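Letters go in sequence order (proteins before strands), and every chain restarts at 1. Model, not experiment: these values are computed from the prediction. In what follows, every heavy atom counts, from backbone to side chain, and hydrogens, waters and symmetry copies are set aside.
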There are 2 protein chains.
Amino acid sequence: MKPTVHDIASRAGVSLATVDRVLNRRPGVSARTREKVDQAVVELGFVRDVAAANLAKGRTYPLTFLIPSNDNSFMRGLRLALDEARDRAGVERVAIRLVDVPAFDGPALAEALRDAAAEQPAGIAFVAVDAPEVAAAAANVIAAGIPLVTLVSDLSGSQRDHYAGIDNAAAGRTAASLLGRFAGGRQGKVAVLAGSMLVRDHRERYEAFASVMASDFSHLQLMPVLEGRDDPDVVERLVSEIFAIRNNIVALYSLGAGNRGLIRALQRRPEDRRPVVVAHELTETTRAALRSGLIDAVLNQDAGHEVRSAIRVLKAKADGLPVVADQERIRIDIFLKDNLP
Amino acid sequence: MKPTVHDIASRAGVSLATVDRVLNRRPGVSARTREKVDQAVVELGFVRDVAAANLAKGRTYPLTFLIPSNDNSFMRGLRLALDEARDRAGVERVAIRLVDVPAFDGPALAEALRDAAAEQPAGIAFVAVDAPEVAAAAANVIAAGIPLVTLVSDLSGSQRDHYAGIDNAAAGRTAASLLGRFAGGRQGKVAVLAGSMLVRDHRERYEAFASVMASDFSHLQLMPVLEGRDDPDVVERLVSEIFAIRNNIVALYSLGAGNRGLIRALQRRPEDRRPVVVAHELTETTRAALRSGLIDAVLNQDAGHEVRSAIRVLKAKADGLPVVADQERIRIDIFLKDNLP
DNA sequence: CTGAAAGCGCTTACAG
DNA sequence: CTGAAAGCGCTTACAG
């Protein structure tokens, strides 16, 4: 049988309360008693039943998530993932509060962070805009002792406890390798479509992409970045314009959102002049485009994984427990038409 | 506050025992009482605290895993994942027993299944060999009411409750697309290296690979499969031989294990005559080969995910709970040198 | 068919 | 510095 606190207590000749104090490293126990208990723990190979402990503590974790009110498929997926997490919230004793914030808006995000912190939740997760006022607000959250995790897009500097998102530089490199190799020996130009160079994830993807392009595929020329603000209509216009003036675009990397607009522009392009395309996030739009061959590969981050990871990390931080970094690493999924789930 | 069984009891005007009977659909409750309780549950929005229930039940789940004693990196990874699962076993109330069985050996596996079932565990997981005697043994396990899950490689027919592994046909298709596109316009032959056509995962990968090759890349000719028994030395010999007699091998798909042998053979090949290579499973060997450019892509199944999924499913089946198929789908990871974790 | 009481493994006031 | 007792939300004999 697995040993319990009762076994430890009788083995060490102390009461349950004392065992509990030693187990949880609470003060007010003599060195001698502490030793006896520690020894019993080792001898019996005791491991705490976390579920029972949580039950007894009646502990809950009110967590606040700040999500951009941007209406694209990815953010909708993120909200869905949060809803699902909320469903399991009972079991895990977390209570999730979702707060909408305007997209790409540093000052608004900073204010939302301050408001969230004022309610003293057990932890806060937010999609960062990489701006000084946000960094300042984040620093205050940390200073107030509230665990803070960035989600999807990170904040420069160290003003957060953890980042729950993909390695965006790796994503950019992967996109470059796929596009470069898929393009075969063809010569020509490479178009890049981003949401905004103000968010760090887009900037990181771009820089890594450009670097691999320059080093491994120097026969292809990178064009200036188009910023589509993750808005399908803006994206459609930008891509159509560039298609109109350039006939030798052999590859296109869409590193942000708004791919509905991209697809429309691609569809109007004669088939033999369509570029090889890599885009981000598996949505209904990109899935259909993969199937039909308009897009060649999709790099995806699993919003569900990110949300669950953020929750696990915030709980761990709230409890002062260590985080297993390896386990919390968010993978970049690569989808071709052949391995669609 | 979240409602508890106490709230239900007082609302319905019955005792805790009766609430419990209704909640768990146990017999011996009058229709009238049942209704009162059900109504209270709905009105208060009660959801059961599973952790507390498990604590009270003192329920544990003794699970048996049958793993081939094959000494390759993937199986070692699987064992590691099982060890980790064992570490968390306390919290999840599962007790994992690991049984070694000879690799690629139907009769031995069938016997091991019978032996495992005789001990009446809460569930059994095994890496299937797709043979009639195994199917028969599996059918007996199911008939005995013991939940049964195949791991990594599946069993034909329906003699199991669930399969915790990747879609091997999708893996084969993906490999074909990557190799075909990475090969660019080059003409030549494609070599395929398998462990054994007796295991279903290898067969499925091969068939799907061949099918996409034929339809999308008909300018490349598929050579007969080499069976390396997942053994590095056999693999090295086979690949070296084929390299010696063929100079126009432009692509190679290694769909089984034993890649250390493949790497050795590739290293001896002059650089300008090395094929494009896709292999399975991210190990130290394949990781290094990706880095150095000897391998172009690695398709990976996460042994940790598979083990955790198998455990979740077996527990759910043991409790008669439904399985969320979507959540238990095992992804095919694609790694290039650019997105190595 | 129904209920009172004890217990799962841990924690928490409270008293000393 | 230490311990006895009650309680977290649920389940389980046992008695009626």
May I have the distance from B/Leu44 (atom CG) to D/dG9 (atom P), rounded to whole angstrom?
14 Å

Between atom CZ in A/Arg21 and atom C1' in D/dG3, what is the gap in whole Å?
8 Å

Among D/dT2, C/dT11, D/dC10, find the nucleotide with the atom closest to the side chain of A/Thr33.
D/dT2

With sequence neighbours left out, write down each residue that passes side-chain hydrogen bond (donor to acceptor under 3.5 Å, both in side chains) with A/Thr64, or none if nothing qualifies.
none

So, OP1 or OP2 of C/dT2: does either fall under 4.0 Å of a side-chain N or O from B/Thr18?
no

A/Gln39: partners by side chain to side chain contact (heavy atoms under 4.5 Å, CB included), with sequence neighbours left out
A/Glu43

Checking A/Ala56 now: which residues fulfil side chain to side chain contact (heavy atoms under 4.5 Å, CB included) with it, not counting sequence neighbours?
none

Name the stems with DNA chain C in them: runs of three or more consecutive Watson-Crick or G-U pairs, distances under 3.5 Å?
C:1-3 with D:14-16, C:5-12 with D:5-12, C:14-16 with D:1-3

Indicate, with a heavy-atom threshold strictly under 4.0 Å, whether B/Val14 touches base, sugar-phosphate, or nothing.
sugar-phosphate

Under the side-chain hydrogen bond (donor to acceptor under 3.5 Å, both in side chains) test, which residues partner B/Asp154, sequence neighbours left out?
B/Thr150, B/Arg160

Could I get a table of every N or O pair under 3.5 Å where one atom is in the protein and the other is in nucleotides 5-8 of chain D?
residue: D/dC8; atom: O2; partner: A/Ala56; partner atom: N; Å: 3.1

Roughly, in whole Å, what's the span from NZ in B/Lys36 to P in C/dC1?
14 Å

Between P on C/dA13 and CG on A/Asp20, what's the gap in Å once rounded to a whole number?
11 Å

Trace of the side chain to side chain donor-acceptor pair (under 3.5 Å) decision for A/Asp201 with A/Ser153:
CA-CA 5 Å; A/Asp201 50 350; A/Ser153 189; 3.2 Å; yes

Can you confirm whether more than 12 heavy atoms, excluding those of A/Arg32, are under 6.0 Å from its CZ atom?
no

Whole Å only: how far is the CD1 atom of B/Ile8 from the P atom of D/dG9?
13 Å

Under the side chain to side chain contact (heavy atoms under 4.5 Å, CB included) rule, collect the residues that match up with A/Glu35, sequence neighbours excluded.
none

Qualifying residues under side-chain hydrogen bond (donor to acceptor under 3.5 Å, both in side chains), relative to B/Thr33, sequence neighbours excluded:
B/Ser30

Quiz: residues 135-146 of chain B side-chain donor-acceptor pairs under 3.5 angstrom, not counting sequence neighbours:
none

Using whole Å, what does the distance between atom C1' of nucleotide D/dG9 and atom CG of B/Asp49 come to?
6 Å

With sequence neighbours excluded, what pairs up with B/Leu80 under the side chain to side chain contact (heavy atoms under 4.5 Å, CB included) test?
none

Go nucleotide by nucleotide along DNA chain C from the 5' end; which of A/Val5 and B/Gly13 gets its closest nucleotide reached first?
B/Gly13

Can you list, by residue number, the residues of residues 23-32 of chain A that have a non-hydrogen atom closer than 4.0 angstrom to DNA chain C?
A/Asn24, A/Arg26

Starting at CZ of A/Arg48 and ending at P of C/dC10, how long is that distance when rounded to a whole Å?
8 Å

Kindly write out the residues that satisfy side-chain hydrogen bond (donor to acceptor under 3.5 Å, both in side chains) with A/Thr4, not counting sequence neighbours, or none if the list is empty.
none

